[in-house]
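First the structure, in the form of structure tokens, and then the observations on it.
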Amino acid sequence: MPLKDKLISKLDPMRKEVKSIIKEHGNKLLSDVVVSQAYGGMRGVKCMVCETSELDPEEGIRFRGFSIPECCEKLPKAPGGVQPLPEGIFHLLLTGDLPTEDDVKEITEEWRKRSAVPDYVLKGIDALPPDLHPMTQFSIGILLLQKESIFVEKYQGGISKYDLWDPMYEDVMTLLARLPRIAAYIYRRAYHDNKQIDPDPKLDWGANFAHMMGVKNPQYKELMRLYLVLHCDHEGGNVSAHTTHLVGSAFSDAFYSLSAGMNGLAGPLHGLANQEVLRWIMQLKEKLGGGVPTKEQEKACWDTLNGGQVIPGYGHAVLRKTDPRYVAQREFCLKYLPDDELFKVVSLLYDVVPPILVKQGKAKNPWPNVDAHSGVIQVYYGVDEYDFYTVLFGVSRALGVLSGLVWDRALGLSLERPKSLTTKRIKSMVADLKPKA
Ligand code: AMX
């Protein structure tokens, strides 16, 4: 069954289920909120819905119920490849079903058909300083695509809010089809004298992205397939997913919503941590005189902490164990680059950093997250322009947050509008508030 028909077959049952949950249980408490949570980034407050994935603090992410090892095993692979195809994870996130080989071929073909990036978008990027941070260029590139939004056209033509998922789906498919070209264009322009590489219509989405970036080693195509699967989604509350969802709740189209989400991903506490990790490791190497540093790393970690900075790539707002996305990348390294010097540094840091963070006693999770590992693999394949790493993350994250946007409109989710309070108001309330049991 074609992807869109499959999605259509899921809509009514899901809408009925949601409607009946709201009708029967709508006034039951999901969460209490205490004063410190209002000031503390709303950690742990259960107050939003995301269908595509769910994060367990101990186990890590599950995409539509499937863990990372299960996805790596069950999702279709490219001919001759062993890594899961990003088209497959998109199918899973969007429909809730594992795809067949034919399903992923259909998505590859659909994205190929929609992939031509209009000239004015490339010209718009050309007008930017090449040394403007790649995430800024990426966000602008996404916004420039907005001119062709079908969602806007249909909305202006008059459409029921329950039918908005359809033009949203169309925009999402076009946007995903074009993202690798925009990202690769920015990469080649910023770091390779603007020598652009034409897409190869025979390649799948991830491999074509690797090809357009110009990395020759064929293993890199496999890496990118894995990378684009691993970073795709992390439930609804993280900054990039929440921002995309929030902006979309105003019926802003997919281009506005994703661009906003990417601006959040560009923060160093979120996706930008991947570039910061590499910068930090290289500074460490320099400080320690090159080579694989030894336990002297401990001192360098303390210097960072005592300087009031965070150790990038460690800690997480929800996870309380080593991130399975870190583990999957570590397994890739053990297979393809076991003797790489930087991989050894990363492995040593895995021994050194957690006990230090525990000793410092602040971070609730001393274990590495996804960003602690991704950069060193890029360096191994010659992509050593750290500032570009968050764009790679962004291309992947689009798969999840855009699938979420289609479902937001399909379920008719409301404009997001929580209630804020002033400190003055909170002070006036606290005497009468009960402490959490
Ligand atoms: N190094 C030093 N201190 C850290 C730390 C780290 N890696 N992780 C957390 N802490 C500190 C916090 O800054 C906070 O200090 P404060 O009380 O002085 O404000 C304290 O420990 C408690 O924080 P927390 O509840 O454990 O984490 P959080 O939910 O507030 O923040 C995160 C989570 C990811 C922002 C934080 O762990 C961090 O800054 N890590 C480093 C940056 C990073 O790797 N970000 C990427 C995360 C994954 C992603 O989104 N891509």
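In each ligand, atom 1 is the first atom listed, and ligand 1 is the first ligand listed. For reference, positions follow the sequence shown, starting with 1. Computed over heavy atoms, backbone and side chain alike; hydrogens, waters and symmetry mates excluded.
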Worksheet item: Any nitrogen or oxygen of Arg325, main chain or side chain, under 3.5 Å from a nitrogen or oxygen of ligand 1?
Response: no

Worksheet, complete the sentence: among protein heavy atoms, the one nearest atom 15 (O) of ligand 1 is Lys362 CE, 3.4 Å

Discussion item. Please list the nearest protein heavy atom to atom 50 (O) of ligand 1 with its residue and the distance rounded to 0.1 Å.
Written reply: His270 ND1, 2.7 Å

Worksheet entry | Trp111 and Phe90 aromatic ring geometry - parallel, tilted or perpendicular at 30°/60° bounds | tilted

Worksheet entry | Any non-hydrogen protein atom less than 4.0 Å away from atom 19 (O) of ligand 1 | no

Fill in: Per-residue contact class, Asn369 against ligand 1 - non-hydrogen pairs under 4.0 Å
side chain

Item to complete: Could you tell me the residue and atom name of the protein heavy atom closest to atom 42 (C) of ligand 1, and the distance to it rounded to 0.1 Å?
Response: Pro268 O, 4.0 Å

Worksheet, complete the sentence: Exactly one of Tyr350, Tyr227, Phe343 clears ring-ring contact (aromatic ring centres under 6.0 Å, His included) with His373, and that residue is Phe343

Practice prompt. Return yes or no for this condition: an N or O of Leu269 is under 3.5 Å from an N or O of ligand 1.
Written response: yes

Practice prompt. If you have a sec, work out which protein heavy atom is nearest atom 13 (O) of ligand 1 and how many Å separate them, to one decimal?
Written response: Val310 CG1, 3.9 Å

Discussion item. Counting C-beta onward and ignoring hydrogens, is there a side-chain heavy-atom pair between Lys285 and Glu341 closer than 4.5 Å?
Written reply: yes

Worksheet item: Hey, does the side chain of Arg320 reach the backbone of Glu58 with a donor-acceptor pair shorter than 3.5 angstrom?
Response: no

Worksheet item: If we only count heavy atoms from C-beta on, is the Cys333 to Ile377 side-chain gap below 4.5 Å?
Response: yes

Fill in: Contact summary for Gly44 and Ser31, nearest pair of heavy atoms
O-OG, 3.8 Å

Fill in: Check: His91 side chain, Asp97 main-chain N or O, donor-acceptor pair, under 3.5 Å
yes

Worksheet item: Just by distance, with hydrogens left out, do Glu416 and His242 show a side-chain donor and acceptor under 3.5 Å apart?
Response: yes

Discussion item. Please list, in number order, the atoms of ligand 1 under 4.0 Å from a heavy atom of Leu305.
Written reply: 1 (N), 2 (C)

Worksheet, complete the sentence: Note: ligand 1 atoms sitting under 4.0 Å from heavy atoms of Asp371 are 46 (C), 48 (C), 49 (C), 51 (N)

Worksheet item: Is there a donor in the side chain of Ser259 and an acceptor in the side chain of Ser139, or the other way round, less than 3.5 Å apart?
Response: yes

Discussion item. What protein heavy atom lies closest to atom 25 (O) of ligand 1? Include the residue and the distance to one decimal.
Written reply: Lys364 NZ, 2.8 Å

Worksheet item: Does ligand 1 have an atom that lies less than 4.0 angstrom from a heavy atom of Asn238?
Response: no

Worksheet, complete the sentence: Gly313 heavy atoms within 4.0 Å reach ligand 1 at atoms 43 (C), 44 (O)

Practice prompt. Give the ring-plane orientation class for Phe388 versus Tyr191, where under 30° counts as parallel, over 60° as perpendicular and anything between as tilted.
Written response: perpendicular

Discussion item. Is the contact between His234 and ligand 1 made by the side chain, the backbone, both, or neither, using heavy atoms and a 4.0 Å cut-off?
Written reply: neither

Discussion item. Going by ring pair (Phe, Tyr, Trp, His ring centres under 6.0 Å), name the residues that satisfy it together with Phe66, two or more places apart in sequence or in a different chain.
Written reply: none

Worksheet item: In terms of atom number and element, which parts of ligand 1 are under 4.0 angstrom from non-hydrogen atoms of Leu357?
Response: 1 (N), 2 (C)

Worksheet entry | Residue, atom name and distance, where the atom is the protein heavy atom closest to atom 30 (O) of ligand 1 | Arg43 NH2, 3.3 Å

Worksheet, complete the sentence: By salt bridge (Lys or Arg N to Asp or Glu O under 4.0 Å), Arg325 pairs with (sequence neighbours left out) Asp323

Worksheet item: How close does the nearest protein non-hydrogen atom get to atom 40 (N) of ligand 1, and which residue and atom is it?
Response: Tyr314 O, 2.9 Å

Practice prompt. Indicate yes or no: at least one non-hydrogen side-chain atom of Leu349 is less than 4.5 angstrom from one of Ile281.
Written response: yes

Worksheet item: Which bit of Ala273 gets closer than 4.0 Å to ligand 1, counting heavy atoms only: side chain, backbone, both or neither?
Response: side chain

Worksheet, complete the sentence: atom 27 (O) of ligand 1 sits nearest the protein heavy atom His316 O, 4.4 Å

Worksheet entry | Option with minimal heavy-atom separation from atom 8 (N) of ligand 1, where the choices are Ala363, Gly44, Ala317 | Ala363

Worksheet item: Heavy-atom distance from atom 32 (C) of ligand 1 to the protein below 4.0 Å?
Response: no

